Enquirer: 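Below you'll find the structure I mean.
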Amino acid sequence: IGFENLPFGINLKIADIPWFLSFTSNFYIIYGTVSAAIAILWAVSVEVQFYILWPIIVSFINKKYVPTLLVTIIILATIFRFIHSEEPNQILYSTFSVISGIAIGALFGFFAFFRKNFTEKMSEFFTRKNVILLYALFLVVLYVKMFPYYFIPHSLMGLYTAILPVFFSLLFIFIILEQNYSNYSLFKASTNSKVTYLGKISYGLYAYHMLCIAVIFSISKSIGINSGLVISLISFAFTILISHISHKYIELKILRLKI
């Protein structure tokens, strides 16, 4: 029972709604079927779970033990992925799997704020050579991630599934650190106002992009536009527009409440 055959191919069951309202939809998606346009919100659920639980957890421990706790979470998530390596939905959506990425971000955020000389050490580490090696390594890992069966023996696939998210998250963290602290960056995203603005509306870009694609695809099909490139470009522009409107008229107003 629900709202089926909604515009643009979206189906929403009554049973879906409590999971999304309680920010637990990622667990629901593991075992259920949800329209892609709204299923993408599983990641928001994971983030909100972290934002609610993490302050409570750290309020009970000494600050010096926070890195140990975060490393423990990363290790436990890696073990979870190894145990469930043949269950793709568990790997992709379970909080116990994907929490390692958030923990890695929190760990390096902790170092940046509370470890003396961390920024200076990062600045020294990111020489021109190391910056080039970082991006080269990122491209190699991305290629392997896209075509793992060409590179990883089947007998090691479970271990690969368990470790790859940690390695990939670390690469992203080092790219963020490089952008912030390196004096030898190949480019600085922060110097481009358009790229910076996309960062400001990134929540909307993520949350609305599947819905926007569904809308544009449906309209394009109805008027006879079949070019994948044209549909992709229009979808991208439409997503930016909707994200801009959301950021300006919804998100900023909520942020000003400082709840």
Side-chain angles (χ1 to χ4, degrees), residues 26 40-51 54 66-67 69-82 88 91-115 118-119 121-148 151-152 159-192 194-207 209-210 239 243:
N26 60 307
I40 198 70
L41 297 176
W42 71 268
V44 178
S45 294
V46 175
E47 292 170 6
V48 172
Q49 291 164 26
F50 178 80
Y51 297 150
W54 185 243
V66 169
L69 175 59
L70 289 168
V71 171
T72 302
I73 291 172
I74 295 166
I75 293 172
L76 291 175
T78 303
I79 294 171
F80 179 90
R81 287 192 297 270
F82 182 76
I91 300 297
L92 291 173
Y93 303 120
S94 175
T95 302
F96 303 113
S97 169
V98 299
I99 193 64
S100 61
I102 296 178
I104 289 171
L107 179 64
F108 280 87
F110 181 91
F111 290 156
F113 277 92
F114 299 112
R115 288 292 169 88
F118 178 80
T119 57
K121 290 179 180 178
M122 287 294 100
S123 181
E124 293 172 2
F125 172 78
F126 286 115
T127 61
R128 177 73 69 180
K129 178 182 177 180
N130 285 347
V131 169
I132 294 173
L133 286 175
L134 172 64
Y135 284 98
L137 182 60
F138 176 77
L139 292 175
V140 170
V141 173
L142 182 62
Y143 187 74
V144 172
K145 187 176 186 294
M146 293 171 63
F147 307 102
F151 303 98
I152 310 299
L159 185 62
Y160 164 83
T161 301
I163 294 176
L164 180 67
V166 173
F167 198 59
F168 213 61
S169 295
L170 285 171
L171 282 174
F172 268 110
I173 285 295
F174 272 89
I175 288 173
I176 293 171
L177 293 171
E178 178 271 325
Q179 283 290 294
N180 280 278
Y181 303 125
S182 176
N183 296 316
Y184 299 96
S185 298
L186 302 178
F187 66 94
K188 288 286 190 186
S190 59
T191 61
N192 188 308
K194 293 182 176 61
V195 174
T196 300
Y197 186 71
L198 290 179
K200 290 182 179 179
I201 63 172
S202 59
Y203 175 82
L205 291 176
Y206 177 80
H209 78 276
M210 289 300 295
T239 304
S243 301

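What you are looking at is a predicted structure, and each value in this text was computed from that prediction instead of being measured.
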Enquirer: Any chance the side chains of Tyr135 and Glu178 put a donor and an acceptor closer than 3.5 Å?
Expert: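 Glu178 and Tyr135 do have a side-chain donor-acceptor pair below 3.5 Å.
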Enquirer: Is the closest side-chain heavy-atom distance between Phe114 and Val66 below 4.5 Å?
Expert: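 Sidechains of Val66 and Phe114: no contact.
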Enquirer: In this structure, is the centre-to-centre distance between the rings of Phe125 and Tyr181 below 6.0 Å?
Expert: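 When the ring centroids of Tyr181 and Phe125 are compared, they turn out to be at least 6.0 Å apart.
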Enquirer: Quick one: does any side-chain atom of Gln179 pair with a main-chain N or O of Ala189 as donor and acceptor, under 3.5 Å?
Expert: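 Confirmed, Gln179 side chain pairs with Ala189 backbone.
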Enquirer: Please test Asn180 against Met122 for side-chain contact (heavy atoms from CB on, under 4.5 Å), starting from the C-alpha separation and ending with a verdict.
Expert: CA-CA 9 Å; Asn180 280 278; Met122 287 294 100; over 6 Å; no
Enquirer: Given Thr161, which partner from the list Thr78, Ile152, Ile91 fulfils the side-chain contact (heavy atoms from CB on, under 4.5 Å) test?
Expert: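 With Thr161 as partner, Thr78, Ile152, Ile91 yield a single side-chain contact (heavy atoms from CB on, under 4.5 Å), made by Ile91.
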Enquirer: Report yes if some heavy atom in the side chain of Ser243 is under 4.5 Å from a heavy atom in the side chain of Thr239; otherwise report no.
Expert: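 Yes, their side chains come closer than 4.5 Å.
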Enquirer: Treating Ser185 as the side-chain partner and Lys188 as the backbone partner, does any N or O pair qualify as donor plus acceptor under 3.5 Å?
Expert: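 Checking the backbone N and O of Lys188 against the side chain of Ser185, no donor-acceptor pair under 3.5 Å is found.
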Enquirer: Can you tell me how the ring of Phe138 sits relative to the ring of Phe172, calling it parallel under 30°, perpendicular over 60° and tilted otherwise?
Expert: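 The arrangement is perpendicular - the two ring planes meet at more than 60°.
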Enquirer: Mind running side-chain hydrogen bond (donor to acceptor under 3.5 Å, both in side chains) on Ser100 and Arg81 for me, showing each step along the way?
Expert: CA-CA 10 Å; Ser100 61; Arg81 287 192 297 270; 2.9 Å; yes
Enquirer: Under 30°, 30 to 60°, or over 60°: which ring-plane class applies to Phe108 and Phe111, parallel, tilted or perpendicular?
Expert: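 Because their plane-to-plane angle is over 60°, the rings of Phe108 and Phe111 count as perpendicular.
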Enquirer: Once you round to the nearest 0.5 Å, how far does CD1 of Ile173 lie from CD1 of Ile176?
Expert: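 Reported to 0.5 Å precision, the distance equals 4.5 Å.
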Enquirer: Working note: Asn130 + Leu134, criterion side-chain contact (heavy atoms from CB on, under 4.5 Å); need CA distance, chi angles, decisive distance, verdict.
Expert: CA-CA 6 Å; Asn130 285 347; Leu134 172 64; over 6 Å; no
Enquirer: A quick test of your reading: do over 12 heavy atoms of other residues, nucleotides or ligands sit less than 6.0 Å from CZ of Phe168?
Expert: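 For Phe168, atom CZ is crowded (more than 12 foreign heavy atoms under 6.0 Å).
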Enquirer: Determine whether the side chains of Asn26 and Ser94 contain a donor N or O and an acceptor N or O closer than 3.5 Å.
Expert: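 No donor-acceptor contact under 3.5 Å links the two side chains.
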Enquirer: For the atom pair CD1 (Ile102) and CD1 (Ile99), what is the distance rounded to the nearest 0.5 Å?
Expert: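 Ile102 CD1 to Ile99 CD1: 4.0 Å, rounded to 0.5 Å.
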Enquirer: For the residue pair Ile104 and Ser169, what are the closest heavy atoms and their distance?
Expert: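 Result for this residue pair: CD1-CB, 3.6 Å.
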Enquirer: Ignoring hydrogens and angles, tell me if any N or O in the side chain of Tyr206 forms a donor-acceptor pair with the backbone of Ile40 under 3.5 Å.
Expert: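 It does hold such a pair.
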Enquirer: For the backbone of Thr119 and the side chain of Ser123, can you confirm whether one donor and one acceptor N or O come within less than 3.5 Å of each other?
Expert: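 Checking the backbone N and O of Thr119 against the side chain of Ser123, no donor-acceptor pair under 3.5 Å is found.
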Enquirer: Can the ring centres of Phe151 and Tyr160 be said to be less than 6.0 Å apart?
Expert: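 They do not qualify: ring centres at least 6.0 Å apart.
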Enquirer: Main chain of Phe126, side chain of Ser182: is a donor-acceptor contact present, judged purely on distance under 3.5 Å?
Expert: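 Looks like yes, one N/O pair under 3.5 Å.
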Enquirer: Using 0.5 Å steps for rounding, measure from the CG atom of Asn192 to the OH atom of Tyr197.
Expert: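 So the CG of Asn192 and the OH of Tyr197 are separated by 14.5 Å.
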Enquirer: What's the spacing between Phe80 CZ and Ile73 CD1 if we round to 0.5 Å?
Expert: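 Nearest 0.5 Å value for the CZ-CD1 distance: 14.5 Å.
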Enquirer: Tell me, yes or no, whether the heavy-atom count around Phe96 atom CZ, taken from other residues, nucleotides or ligands under 6.0 Å, exceeds 12.
Expert: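 Count not over threshold, so no.
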Enquirer: Tell me the closest heavy-atom pair linking Leu92 and Val98, and the distance in Å.
Expert: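 It is O-CG1, 3.4 Å.
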Enquirer: So Phe113 and Phe118, side-chain contact (heavy atoms from CB on, under 4.5 Å) or not? Walk me through it.
Expert: CA-CA 8 Å; Phe113 277 92; Phe118 178 80; over 6 Å; no
Enquirer: I need the minimum non-hydrogen distance between Ile74 and Ala103, along with the two atoms involved.
Expert: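 So the two residues come closest at CG1-CB, 3.7 Å.
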